[in-house]
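Heads up: the structure comes next, in structure tokens.
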Amino acid sequence: MPLCKECKKFFPVKEDPNKGDCVQRVVDPRQAYYKAKPVGANMDASSCSSFEKI
Amino acid sequence: MAEAAVNIKELEKNQEWWRAAELKRSKRLDYLRKAVWKKGAVGGLYAPGIKVDMERAGLFTDGYFANLNDPGMVRHAKAVANVLDNITIFITDQAQLVGYVGSLPHTISWLIEGGALLNEEVYNEPGIAPEPEAESLKKIAAMMDRWNGHTVQDKFIPYVLSFAAEEGVKLLSGAVGWGLPLSISGYNGKDYEYILTGKRGFEDIIEDIDRRQNDMTEKARKKAGPEYLHVGLRMMNWEGMKIVLQAVIRYANRYARLAKIVAENYETNPKCREELLRIAETCERVPAKPQRNLQESLQFDHFLQVVERFESGGGAWPSRPDYYHGPWYDKDVNIDKRLTKEEALDLVGEFMIRAHEVGAFFPRWTREGLQGITGTWVWTLGGVKQDGTDACNDMTIAMLQAARLVRVSNPTFAFRWHPQVKDEVMRECFECIRQGLGYPSMRNDPVLITNAMHWHGHPIEEARTWVHQACMSPCPTTKNGFQPMRMASATANMAKVVEYALFNGYDKVVNMQMGPQTGDARNFKSFDELYNAWAEQLKWLMNLLTMSVNFGRAMSPEMCPRSFLSAISERSVESGLDAVSPEGDRGNSWITAFTWVENIDSLAAVKKLVFDDKKYTMDQLITALDTNWEGYEEMRLDFVKNAPKWGNDDDYVDDIMLKCLREAAQFSKVIKDPSGNNWPILPENVSGNIHYANIVRALPNGRRLGDALYDGGISPGPGLDKKGPTAVLKSCGKINHITDGRAFLLNQRLSPTQLSGEKGYQLWRSYMHTWADLGLDHIQFNVIDDATLRSAQREPEKYQEVIVRVAGYSAHFVDISRKTQDNIIQRTVQGIA
Ligand code: SF4
């Protein structure tokens with residue numbers, strides 16, 4: 001089972017590597033931006049369509 | 001470059017300011033301006049692509065129900081903290097300021113805890129649920145089920161029914177009042193003197209609260225007494241404040257971390273990388289610690305505004321950016337020379353854009369009342385300092401210049417004019433007006449400061465800090481002076497007063513006995529009889545609305561606590577009470593009087609044509625009104641054309657205006673707000689003149705059911721001010737703008753051709769001198785010709801940044817309904833003599 005921590009978009013928190021941010025680039029019809037959302041390092045990534053293996 | 005300069009000149013010569021602005025602003029500002037998703041509803045509908053923010057709703061719901069057994073303020077703070085810790089955040093390319101009230105740029109916030117009325121609308125609004133829609137609707141329905149019995153509305157209604165069921169039904173009819181009398185709808189002022197002057201950051205407040213908690217615990221343990229009866233409540237409120245302050249610091253740090261990740265892993269452009277690292281440094285600093293420079297000061301302020309909107313509706317945006325950020329502008333640009341003027345202008349322009357992009361899901365009646373915008377966000381500029389000296393600074397000028405570059409319709413500005421304002425600053429105000437922004441509106445500072453002291457007893461230093469709490473009403477920014485909720489939920493559809501006086505208090509639109517039975521008007525034998533009925537209806541309506549707001553205010557700390565607002569308010573940090581609690585609030589309430597002038601023109605018409613000239617009987621008039629003037633067109637035109645109309649310097653009708661205002665002013669001192677202070681009226685309209693068009697029946701001023709009402713507080717009816725702009729000013733100048741009410745909105749349309757060049761400025765200056773000499777408190781201008789507006793109606797895509805003044809706010813012309821557009825075109829274009 002792939003995990004978030006095996007994904008290129010996962011950035012662990014230094015103080016607690018079990019936690020991290022999923023950082024993604026988005027280009028919508030009006031603007032481009034980076035977005036971040038807290039995720040767990042061991043979160044199941046099998047149904048994530050944005051998963052990118054490190 | 002040279003070609004662009006020629007092009008700009010040409011466009012400015014043709015007064016195509018919106019096109020010139022696109023070329024004049026920096027690439028960054030142009031990008032950021034065009035990056036904004038339109039959040040205001042157009043004709044009551046949200047633009048394609050706009051989605052309700054499911055994340056805030058879901059996270060707040062989870063946080064709330066996970067802590068259901070906690071005391072109110074703590075539970076609320078934990079729910080807000082859950083949002084701040086987990087919501088998706090984003091940083092737009094080229095941005096230097098961050099923070100948004102939603103998870104993605106195209107989302108609008110949704111306060112799910114408000115009530116089923118709003119939530120049902122979210123569920124039923126076509127296209128607003130994120131894709132995949134079916135899945136979102138399922139989630140929305142599940143969340144709504146969870147909230148059933150827990151929303152503010154659910155908690156509030158039994159209390160209302162317990163003592164005022166009939167009044168509640170009348171208010172809910174939508175015929176006479178506008179707005180929700182609870183603190184969840186926001187519109188609160190802020191204690192900026194406490195939080196935005198660079199004296200403290202959130203860590204300092206947390207430390208202060210810790211000290212107070214220890215102190216109170218110790219004292220309460222030592223000695224029993226009534227002063228410690230509510231120690232538990234206070235301790236819990238303080239706890240809630242600390243929870244939310246700590247969460248905001250973490251929220252800012254999340255931005256710092258994202259900026260660093262992007263700078264270190266994705267960004268290849270060295271300048272952009274440097275800017276991202278500066279964002280990181282800024283968000284690590286504020287709001288945890290006090291700001292040290294302009295970027296930190298603006299960012300601090302923006303975090304305050306964003307987080308406030310995570311906890312309430314935030315319908316208004318009281319703010320005084322030049323006053324509070326001016327010292328940092330001065331330090332960076334003039335003293336340390338850390339920023340060039342152009343760099344500072346980019347920051348200031350972006351600061352406006354960050355506010356402009358904020359949006360919320362509103363019920364349909366609000367969307368219709370606030371066409372094309374997301375709230376009445378009027379930022380205050382200019383004015384005097386607490387010591388009475390001129391407060392204008394370089395930031396004032398930068399704000400006015402940035403406004404012309406970014407041309408947003410929300411926020412807008414209002415300028416506190418006073419005799420010491422320098423010509424240089426007046427020219428900047430004029431340029432904004434001439435370039436068709438519709439703002440700044442001009443406010444008479446000496447009059448309004450005296451007015452604040454007269455009505456609410458603010459000490460002069462406190463009164464001098466005033467900002468616009470919403471569109472019009474001044475409210476101080478001090479510990480005891482700031483107002484923590486929308487007391488203007490006492491917003492009256494005043495045209496109903498004369499309608500009810502003519503129809504014995506019965507409303508045939510909603511088919512209810514609304515007002516008191518003041519007698520069959522067919523039998524009135526004198527104008528005095530009609531006037532007395534009018535006065536009785538007026539008092540009934542003023543009392544109905546203020547009673548409901550007082551009640552809502554008293555219940556608010558329990559129904560919808562404001563942990564964040566309390567945490568940034570000195571009086572709450574000191575007392576441990578919710579900021580909305582009346583304790584420590586001097587009181588600054590006002591009744592917004594929509595559709596006021598219809599009363600005056602209607603009363604004058606009846607006096608003249610029925611009682612003085614005896615051309616018609618009351619019986620004939622009531623019959624004609626009852627049929628919506630159908631079959632009585634000749635008579636209707638007589639009432640339009642041959643009865644005196646407000647705004648023409650005609651004492652006959654102007655005296656009726658004064659009599660009516662003074663009747664209201666007297667009663668304003670009888671009814672009291674929760675602090676025991678007065679409730680003066682404030683005639684203005686937002687776009688209530690359109691919203692109420694199908695609610696107010698035919699009136700003796702000649703209107704028919706469905707016709708747009710007059711457009712502004714004391715503005716004459718469109719096309720009815722026949723004697724020119726000075727006559728309008730003279731009529732308005734007969735009102736005592738200190739004692740007759742809280743403030744009075746006046747719209748004027750001026751000709752762009754006449755205002756061109758230096759001559760145009762001089763004409764406007766002398767017009768403004770007359771305005772000031774007559775003691776008017778407000779005026780705002782539309783300076784745009786009919787041809788441009790008609791072209792914008794034909795080809796809206798080419799006129800996206802054309803702005804018009806609607807009422808107490810501006811909107812992009814293409815974003816308002818056709819009816820409002822036509823109403824603006826109909827306003828008389830005044831030539832200044
Ligand atoms: S949520 Fe998906 S994209 Fe994000 S880190 Fe996990 S696997 Fe990667």
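Throughout, a chain's letter reflects where its sequence line sits, starting with A, and its residues are numbered from 1.
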Mark yes when over 12 heavy atoms from residues, nucleotides or ligands other than B:Lys34 sit less than 6.0 Å from its NZ; otherwise mark no. yes
Would one find more than 12 heavy atoms of other residues, nucleotides or ligands at under 6.0 Å from atom CD of B:Glu264? yes
A:Val13 versus B:Arg257: any side-chain heavy-atom pair under 4.5 Å? yes
Least distance between heavy atoms, A:Pro38 atom then B:Arg254 atom: CD-NH2, 3.4 Å
Value for CG (B:Leu258) from NZ (A:Lys35), rounded to nearest 0.5 Å, stands at 11.5 Å
Distance col, row B:Tyr266:OH vs A:Tyr34:OH, nearest 0.5 angstrom, shows 7.0 Å
Okay, side chain of A:Lys37, backbone of B:Ile89: is any donor-acceptor separation there less than 3.5 Å? no
Contacts of residues 44-54 of chain A with chain B (heavy atom under 4.5 Å): none
Residues of residues 23-33 of chain A with any heavy atom under 4.5 Å of a heavy atom in chain B: A:Val23, A:Arg25, A:Asp28, A:Pro29, A:Arg30, A:Gln31, A:Ala32, A:Tyr33
Quick one: what part of [X] sits under 4.5 Å from any heavy atom of chain A, side chain, backbone, both or neither?
| X | value |
| --- | --- |
| B:Asp85 | backbone |
| B:Leu32 | neither |
| B:Tyr255 | neither |
| B:Gln94 | neither |

Between B:Leu104, B:Ile261, B:Ile87, the one whose heavy-atom pairs under 4.5 Å with chain A are most numerous: B:Ile261
